[in-house]
Amino acid sequence: MRSHAVLLAVALGLVSKAARADTPEAVSAPSQPSPKRAVPDFDGRGPEPTTAGDVALWVPRVVLSPLYFVSEYVIRLPLSLAVPAAERADLPRKVYDFFTFGPEHKAGFAPVGYYDFGFNPSIGLYAFWNDAGFKGDDWHAHVEAWPTDWLAGSLTDHIQIDAHHAVQFRVEGIRRPDHVFYGIGPDTRQSSQSRYGEDVFNGGATYEWRFWRASRFQTGVGLRAASLYDGHYGSDPSLTREAATHAFPLPPGFGGGYTAESNRAVLIVDTRNPRPAPGSGLRAELLGEQDSEVGHAPASGWVRYGASVGSYLDLNQRGRVISLSVTTLFTDPLGDRPVPFTELASLGGDPPMRGYYPGRLVDRSAIAAMAHYMWPIGPWLDGTMRAAVGNVFDEHLQGFRPGRLRFSGDIGISSVGVGEYPIELIFGLGSETFEQGAEIDSFRATLAVNHGF
Amino acid sequence: MGFDGLRPWLLGCLVLAACAHEERLFRLREPIWRDGDLQSVTARCHREPTPKEPAHVSCAPESVPAPLMWDGADNLFFRPLSESLGVVVGGEAVDVNSLDEVPDSAWFTNRIGRGLMTPEQVALGACTAATLLDGADASDETWIIDKGKGDGSTDGFRVSIPGHGKYMFKADDADTPEHSSAAQTVGTKVYYAAGYYTSCEQVVEFRPSVLKLKPGLRWKHNFGDEEDFDRKALEGVLAHCPKRDGLVRMQASAWLSGYGLGGFQYQGTRVDDPNDVVPHEDRRELRGKRLLDAWIDRYDDRRGNTLDMWMADRPTAPDASPGHVIHNSLDTSEALGSLWAWDPVSRRLGYSYLVDWGDMAGDFVTFGARVRTWETVQTAPGKALFAYFNVDDFVPDRWKSEYPIAAFSRMTERDGAWMGRILARFTPEAVRTLAETGKFSDPANTDYLERVLEGRLEKILERYLTRLSPIADVHVEDGARLCGVDLAELRRLRDAASFRYTARRVDGAWLTVDRRPGAQVCVTLDHRAPDGGIPDASPARYVRVRIEDGVAQGPLVAHLYDLGPARGYFLAGLERPDR
C-alpha cells in the first residue's frame with residue numbers, strides 16, 4: 001500500500017511537471033541554472049606547461065599594471081557598459097538628430113576646439129545650414145570661447161552661384177587677451193615675449209571666380225575695427241610692462257584703436273587639379289589690399305601687397321608632394337600716420353614659418369622661402385613637414401641680409417579634403433637669426449579640431 | 001619591495017619553469033570529434049519584457065543586441081590599448097583535438113574539410129529543398145509581406161511563404177545591381193561548406209504579383225526615422241531591383257530557427273551560457289575564419305554580423321530551458337569586393353583597418369617611402385561590380401578585416417594551416433558551382449568571380465600548405481600502415497616530382513613509404529611491442545613517426561601506440577611542427 005502511495009505520488013509529480021511544461025508559465029518557471037562545464041581536454045595532453053617565457057612576461061605586466069588598470073577598468077569597462085546601453089537606447093540617432101536638423105540633415109552643429117601651446121585654448125560650436133534660403137546658400141557660424149576674456153564668433157553666408165562663381169558675406173568678432181608681441185623688426189628676441197589684448201570686428205563681402213583647375217580670383221570689400229590693449233597669459237608681462245624695460249618701444253596703434261575700410265583682390269594661378277589627381281604643378285599668388293582709416297583727417301591708411309610662387313612635384317603621382325615656394329609681403333602707409341602694428345607684414349602661426357607663434361615676427365615687409373613635403377598616411381590624413389627660412393624687415397625688405405634670416409620647421413599630421421577646416425596636430429620650432437647664432441628658441445605645438453579662427 | 005627584492009623570486013620562477021618542461025604524450029583514447037556544447041543546459045531565468053508581455057520571464061540566455069559603434073570603437077582603440085598595456089599574448093588554439101582538427105560543436109561542423117560534400121551540396125549550402133524558392137511559378141499574392149526591414153543600410157521586407165517559412169527579402173544597391181545578393185549567397189555557401197552555422201541564402205527572382213502587402217507595416221533604416229511601409233514604399237523598393245524577363249531579383253534570407261540572443265563576441269565567453277567555456281579568441285574556428293574571410297574578401301566580419309540562437313528543447317517555448325546555443329555567422333553581402341561611399345576607404349578594405357595605427361605610424365615615420373597596395377589597386381576593366389576584388393594584389397597572410405578582430409589577431413600558423421586544409425577541399429568544380437549560385441545575368445561576371453575565387457584560393461593554399469605539413473586524413477590501415485592525403489600534392493601546388501616522401505621513427509629507423517593515386521601516401525610500420533605483457537597506455541608502446549613530403553618546411557609527426565601485431569597501431573595524436 002505504501003509503495004503504491006509512493007508510486008502515485010511520483011506519478012502525480014511527473015504529470016504535474018509535464019503539465020507545467022506545456023503551459024506558458026513553464027517558460028517563466030525559475031530553475032537552477034546549469035553550472036559552467038569544465039573546459040574539455042581536447043587533445044588529451046592536459047594543460048600546456050608554464051614556460052620561462054610565460055613567467056618572464058609578468059615583469060612588464062607588473063611594471064605596466066597601473067596603466068593597464070586605468071585603461072581596462074577606468075576607461076574601457078565603463079565605456080563597454082555605457083556605449084552599448086546608449087546604442088540600445090537609440091542614443092546615436094538621437095545625438096545625430098540633436099546635432100543635425102531638417103529632413104535631409106542639412107543643418108546642424110558640432111563642437112570645435114583649438115589648442116596652441118602658449119595660448120589660451122578654446123572650445124566652442126560650429127553650426128551650419130546648407131541650402132538655407134535656396135540651393136547653394138550655405139550658412140556657417142562659429143562660436144568659440146575660454147574664460148578670462150576669450151571670445152570669438154563668426155557668421156558666414158556662402159552662396160555658390162554655379163560651379164565657378166560664388167559670393168560670401170562674413171562677419172566676425174574676436175576678443176582675446178593673449179596675443180604675443182616681441183617688438184618690431186628682424187632681430188627681436190624670444191625673451192621679450194609680452195602679451196596684448198585685441199578686440200576686433202571684421203565684416204565684408206567677397207566674390208570668387210574659380211576659372212581653371214585650382215586657380216581662382218577673389219575680390220572683396222570689408223570693414224575692420226580693432227582696439228588694442230594690455231593683455232595677459234600665465235606669467236608673461238603685458239606689452240606695456242615689457243616696453244618699460246626698454247625691450248622695445250610701444251608699437252604704433254597700441255593703446256587705442258582704428259577702423260579701416262578695406263578693398264582686397266587675390267589672384268591665384270594654380271596648375272594643379274584637386275585630389276586624387278597627381279599633385280605636381282605650379283602656383284602663383286598675387287595679393288593686393290588697400291585700407292583706409294575711417295574718421296581720420298587728413299586721410300590715412302595703408303596698402304598691403306605680396307606675392308608667392310611655388311613649384312610642386314608629386315614624387316610618385318600618389319600624393320607624395322614636395323614643394324618649394326617663396327613668399328613676400330609688404331605694407332606701406334598711405335599718408336603720414338604709421339600703420340598699426342597688427343596690420344604690418346607678419347610671419348608665424350600659419351605657413352610658411354609655422355614654428356613661431358602667430359605674430360612672432362612683425363615689420364613693414366617679410367620674405368620666406370619654404371620647402372614642404374606632404375605624404376599620405378591614412379584616409380584623408382597626410383603627414384606634413386616644412387622647413388623654411390625667412391624674416392621680417394623694414395620697408396621693401398630694407399636691411400635684408402642672409403644672415404638675418406631665421407629657420408622655422410614643423411612636422412605633424414593634417415586632415416585633407418574634410419570639411420571647411422582641417423584637423424591638425426603640429427609640432428614646430430623656430431630659431432633666432434643666423435647672425436644671432438640660430439639657436440632654437442621657439443617651440444610650438446597645436447591641436448586643432450575643426451577650428452575656424 | 002623594490003625590483004632587487006623581486007629579482008631572486010623571479011629568477012627562481014624562471015628556473016623552475018624551465019625545469020618543469022617535459023614532453024607531453026597523447027593519451028591512448030579516441031580523438032574528440034564532438035564537443036559537449038551541443039548538449040542541453042539550463043540557463044538562468046531573468047525578466048525580459050516584450051511589447052506584448054511586459055512581465056515576461058525568459059529562461060534562455062539574455063538577448064543582447066550587438067552594439068555597432070562600441071564594437072568598432074573597442075576593437076579599433078580600447079581593446080588594443082588594454083592588451084598592449086596588459087602584455088596580453090596569444091598562444092595556440094584551445095579547441096583542437098589530438099588530430100590537430102576542430103571537433104563538431106555549437107560553433108562549427110566538419111563538412112567539406114572531411115571530404116563530406118559534393119559540389120551540389122556546396123551549392124545548396126544551409127538551404128534544403130523545402131527552403132528553396134521558385135518565384136517564377138508561385139501563385140499571385142501568396143507571398144505575404146508581414147514586416148518592414150527594421151535596420152541596416154539596404155531596403156527590404158519580411159515575407160511569409162506558406163510551405164517554406166519566413167524570409168527577409170533584401171534589395172541590391174542600385175549602384176551595384178546583383179552584387180550584394182550574389183555576395184550574400186556565395187559567401188554563406190562558402191561559410192556553410194567550410195563548417196560554420198549560417199542561414200539559408202538564395203537569389204530569388206519573382207513576379208511582383210506574387211507579393212501581398214499586409215496593411216499597417218512600418219520600417220526604418222540605420223539612423224533613419226520609422227516610416228510607413230505601404231504600397232508606395234514597396235514599389236519604391238522593387239523599382240530599384242534588377243529585373244530580367246519580368247522577374248524581380250532580390251536576396252532571400254531564410255529566418256533562422258530558435259530564439260535570437262544577439263551577436264557573439266570574438267573574445268571572452270558568454271557568461272550566461274553554461275556551455276561556453278573556451279575563450280572565443282582561442283577558438284581555432286574563429287581564428288581560422290580570418291582566412292575564409294580573406295578568400296572572399298569579407299572585410300565586414302564583426303559581432304553585428306553574427307547571431308547566437310537559443311535552441312530550446314521544446315520549440316514551442318523558444319526561450320525556455322533546457323536548450324543550447326548555436327553560434328551563427330551571417331550577412332556576407334559586403335564580400336566579393338564591395339565599396340564604401342568614400343574611395344580612400346574602399347581601396348583600403350582588405351589591406352588596412354579603417355583606423356590602422358600600425359600602417360599610419362609606418363607611413364608617417366617612413367615619410368611614405370613605401371607605396372601601399374591600396375594606392376595602386378585597380379578595378380578590373382569592365383568589372384566595376386567587383387570593385388577592388390582581385391587576385392594580383394591579394395596576399396593571404398596580410399589580409400585585414402575592417403577593424404581588428406580579437407580572434408583573427410590571434411590566428412597562428414597552425415590555425416591558418418587548418419583552414420588551408422579545409423579550403424583545399426574546394427575543388428575547381430565546387431568553386432565554379434559557388435560562382436554560379438550568384439546567378440549573375442551576365443555570364444562574364446560568373447566567369448570573373450570563378451577566376452578570382454580560384455586565384456585567391458591558390459594563393460592561400462600556396463601560403464598555408466607549404467610551411468606546415470599538408471598531409472591530412474591521417475589514419476591507420478590494417479593496423480600497420482599509417483596513411484594520409486597530401487593536400488599540397490592533391491592541389492598540384494608543385495609538380496609531382498617535387499614531392500619526395502620520407503618517413504622515420506623518431507628513434508631514427510627509416511620506414512617504407514608508398515604513394516598511391518589521389519596524392520595518398522602510406523608508411524609501413526613495424527611492430528616492436530608485444531600484444532600483451534605491458535599496459536596498453538605504457539610509454540613503452542609510444543611511437544613517433546615523422547613524415548616529410550619534400551615540399552612543406554615542416555614534417556607531420558604522428559604519435560602512435562604500438563598495441564602489438566594482433567591489434568596493430570593506434571593513432572593517438574598528430575603534430576605539425578614548423579621544422
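To find a chain, count down the sequence lines: A is the first, B the second, and so on, and within it residues start at 1. Nothing here was measured: the structure is a model prediction, and the numbers come from that model.
- Residue contact with chain A, scored on non-hydrogen atoms closer than 4.5 Å, is absent for B:Glu30.
- Interface summary for chain A: among B:Asp35, B:Leu28, B:Ile32, the most heavy-atom pairs under 4.5 angstrom belong to B:Asp35.
- Of the two parts of A:Ser65, neither the backbone nor the side chain holds a non-hydrogen atom closer than 4.5 Å to a non-hydrogen atom of chain B.
- For chain B, no part of A:Met374 is nearby; none of its heavy atoms comes within less than 4.5 Å.
- Figure legend: cation-pi geometry between B:Arg372 and B:Tyr351 absent, as NZ or CZ is not positioned both under 6.0 Å from the six-membered ring centre and within 45° of its axis.
- For a residue to count as touching a neighbouring chain, one of its non-hydrogen atoms must lie under 4.5 Å from one of that chain's; by this rule A:Pro66 does not touch chain B.
- Both the backbone and the side chain of B:Asn97 come within contact range of chain A, with heavy atoms under 4.5 Å apart.
- Within the 4.5 Å cutoff, no side-chain heavy atoms of A:Arg318 are placed close to those of A:Pro376.
- The CG atom of B:Asp272 sits 7.5 Å away from the NZ atom of A:Lys36 when rounded to the nearest 0.5 Å.
- Note that CZ of B:Arg29 is 9.5 Å distant from CZ of B:Phe570, once rounded to the nearest 0.5 Å.
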Q | Step-by-step side-chain contact (heavy atoms from CB on, under 4.5 Å) determination, B:Glu402 to B:Trp340 | A | CA-CA 11 Å; B:Glu402 62 190 354; B:Trp340 274 43; 3.7 Å; yes
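- Here the CZ atom belonging to B:Arg47 is positioned 12.0 Å from the OG atom belonging to B:Ser58, to the nearest 0.5 angstrom.
- Comparing B:Leu81, B:Asp95, B:Val41 by how many heavy-atom pairs each has under 4.5 Å with chain A, the most go to B:Asp95.
- Between A:Met353 and A:Asp410, the closest side-chain pair of non-hydrogen atoms is not below 4.5 Å.
- Of the two parts of A:Leu79, the backbone and the side chain both hold a non-hydrogen atom closer than 4.5 Å to a non-hydrogen atom of chain B.
- Interface check for chain A: of the options B:Asp100, B:Val96, B:Val278, B:Asp343, the most heavy-atom pairs under 4.5 Å are formed by B:Val96.
- Only the backbone of A:Ala38 has a heavy atom closer than 4.5 Å to any heavy atom of chain B.
- A perpendicular orientation is assigned to the rings of A:Trp375 and B:Phe367, their planes being inclined by more than 60° (bins at 30° and 60°).
- Only the side chain of A:Tyr373 comes within contact range of chain B, with heavy atoms under 4.5 Å apart.
- For B:Leu25, the part lying near chain A is the backbone, with the side chain staying farther off; criterion is any non-hydrogen pair under 4.5 Å.
- Here B:Val94 is the residue among B:Val94, B:Thr366, B:Val345 with the most heavy-atom pairs under 4.5 Å with chain A.
- Both the backbone and the side chain of B:Thr376 come within contact range of chain A, judged by heavy atoms closer than 4.5 Å.
- B:Arg370 and B:Asp359 are not joined by a salt bridge, as no carboxylate oxygen comes within less than 4.0 angstrom of a charged side-chain nitrogen.
- In this structure, A:Arg444 and A:Ile426 have side chains that are not in contact, with every pair of non-hydrogen atoms separated by 4.5 Å or more.
- Within the 4.5 angstrom heavy-atom criterion, no atom of B:Pro322 approaches chain A.
- Between chain A and the options B:Val88, B:Val64, B:Val271, heavy-atom pairs under 4.5 Å are most frequent for B:Val271.
- Neither the backbone nor the side chain of B:Asp356 comes within contact range of chain A; no heavy atoms are under 4.5 Å apart.
- With a 4.5 angstrom heavy-atom cutoff, A:Arg88 touches chain B only via side-chain atoms.
- Exactly one residue among A:Tyr96, A:Phe128, A:Phe98 makes a ring-ring contact (aromatic ring centres under 6.0 Å, His included) with A:Phe109. That residue is A:Phe98.
- Considering only heavy-atom pairs separated by less than 4.5 Å from chain A, the leading option among B:Leu99, B:Asp273, B:Asp37, B:Val355 is B:Asp37.
- For a residue to count as touching a neighbouring chain, one of its non-hydrogen atoms must lie under 4.5 Å from one of that chain's; by this rule A:Pro35 touches chain B with the backbone only.
- Using a cut-off of 4.0 Å between Lys/Arg side-chain N and Asp/Glu carboxylate O, A:Lys106 and A:Asp131 are scored as salt-bridged.
- Using a 4.5 Å cut-off between heavy atoms, A:Ile75 contacts chain B through its side chain alone, with no backbone atom that close.
- For B:Arg79, the parts lying near chain A are the backbone and the side chain together; criterion is any non-hydrogen pair under 4.5 Å.
- Residues B:His56 and B:Asp319 have side chains that bring a donor and an acceptor to within less than 3.5 angstrom of each other.
- Note: A:Glu87 leads A:Arg61, A:Glu72, A:Glu87, A:Glu48 in heavy-atom pairs under 4.5 Å with chain B.
- Aromatic rings from A:Trp129 and A:Phe101 are positioned such that their centres are separated by 6.0 Å or more.
- With a threshold of 4.5 angstrom between heavy atoms, A:Asp41 approaches chain B through its backbone and through its side chain.
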